[in-house]
Amino acid sequence: MKNKILVKVYVPTIQEEYNIYIPINIRIGQLTILLSKSISELQDISFDPINTHIIIDTSSGKTYQSDVIIRDTEIVNGSRIILI
C-alpha cells in the first residue's frame, strides 16, 4: 500500500467523519471529486461532485490548491483533513 494513505476526512456540511484510503498520485482537485462522489453514495444525499470543494489540513490549517499532487503535500498516513 505504498501508493495510498489512510486519512480521516471530516465533512462539516453533514457533520460526518470518514476513514478513507486515498491515492498519493492524484491532484487535490481529483481527490475532492472522488470524495464528493463517495460521500454522495454513502449518505444517499446530493453532495455535488462538480462543485468546487476545498481540502484543508486540520493540523496546519493549510488550504490546498486543486492542482497540487497529494504526495507533494503534508498529508500523510493518519492526517485529518476537512472537505468543504
Side-chain angles (χ1 to χ4, degrees):
M1 283 253 216
K2 291 182 180 182
N3 61 347
K4 293 184 181 179
I5 56 176
L6 179 64
V7 297
K8 191 166 285 225
V9 180
Y10 177 66
V11 186
T13 55
I14 59 173
Q15 298 179 358
E16 291 288 337
E17 191 170 64
Y18 304 94
N19 289 316
I20 299 178
Y21 282 99
I22 60 171
I24 61 169
N25 295 323
I26 64 170
R27 299 187 184 281
I28 293 287
Q30 293 170 302
L31 176 62
T32 60
I33 291 171
L34 286 173
L35 290 174
S36 300
K37 287 180 180 179
S38 298
I39 291 166
S40 291
E41 290 176 12
L42 286 171
Q43 292 295 321
D44 196 27
I45 59 170
S46 178
F47 196 75
D48 189 6
I50 304 303
N51 189 6
T52 304
H53 296 287
I54 299 171
I55 297 285
I56 301 172
D57 186 340
T58 59
S59 64
S60 67
K62 185 173 183 176
T63 301
Y64 294 104
Q65 300 295 322
S66 62
D67 61 341
V68 177
I69 297 175
I70 301 291
R71 72 172 174 266
D72 296 334
T73 68
E74 293 84 22
I75 300 172
V76 294
N77 260 335
S79 290
R80 292 172 167 250
I81 59 175
I82 300 172
L83 176 66
I84 298 177

Who passes side-chain hydrogen bond (donor to acceptor under 3.5 Å, both in side chains) against [X], sequence neighbours left out?
X   : value
S66 : none
N25 : R71
Y10 : none

Grab the two heavy atoms, one from [X] and one from [Y], that are nearest each other, plus how far apart they are.
X   : Y   : value
V7  : I81 : CG2-CD1, 4.2 Å
I28 : Q65 : CB-O, 3.4 Å
K8  : N19 : CE-OD1, 3.1 Å

Checklist entry - Could you walk me through whether R27 and Y64 pass the side-chain contact (heavy atoms from CB on, under 4.5 Å) check? => result CA-CA 10 Å; R27 299 187 184 281; Y64 294 104; over 6 Å; no
Next on the checklist: Tell me whether N77 contacts the main-chain N or O of L6 through its side chain, where contact means a donor paired with an acceptor under 3.5 Å.
Outcome noted: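 Yes, N77 side chain to L6 backbone: donor-acceptor pair under 3.5 Å.
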Checklist entry - Do V9 and I14 sit in the same hydrophobic cluster, where Ile, Leu, Val, Met, Phe, Trp and Tyr count as joined when their side-chain heavy atoms come under 4.5 Å apart? => result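 Yes.
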Next on the checklist: How about CD on Q15, more than 12 heavy atoms from neighbouring residues, nucleotides or ligands closer than 6.0 Å, or not?
Outcome noted: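 No, because the 6.0 Å sphere around CD of Q15 holds 12 heavy atoms or fewer from other groups.
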Gap between atom [atom2] of [Y] and atom [atom1] of [X] - 0.5 Å precision:
X   : Y   : atom1 : atom2 : answer
I70 : L31 : CD1   : CG    : 4.5 Å
H53 : L35 : NE2   : CG    : 9.5 Å
E16 : L42 : CD    : CG    : 9.5 Å
L83 : I55 : CG    : CD1   : 5.0 Å
I24 : D72 : CD1   : CG    : 9.5 Å

Checklist entry - Looking at side-chain heavy atoms only, is the closest gap between P12 and I84 below 4.5 Å? => result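 A side-chain contact exists here, since the closest heavy-atom pair is under 4.5 Å.
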Next on the checklist: I54 vs T32, test: side-chain contact (heavy atoms from CB on, under 4.5 Å). Steps then yes/no.
Outcome noted: CA-CA 7 Å; I54 299 171; T32 60; over 6 Å; no
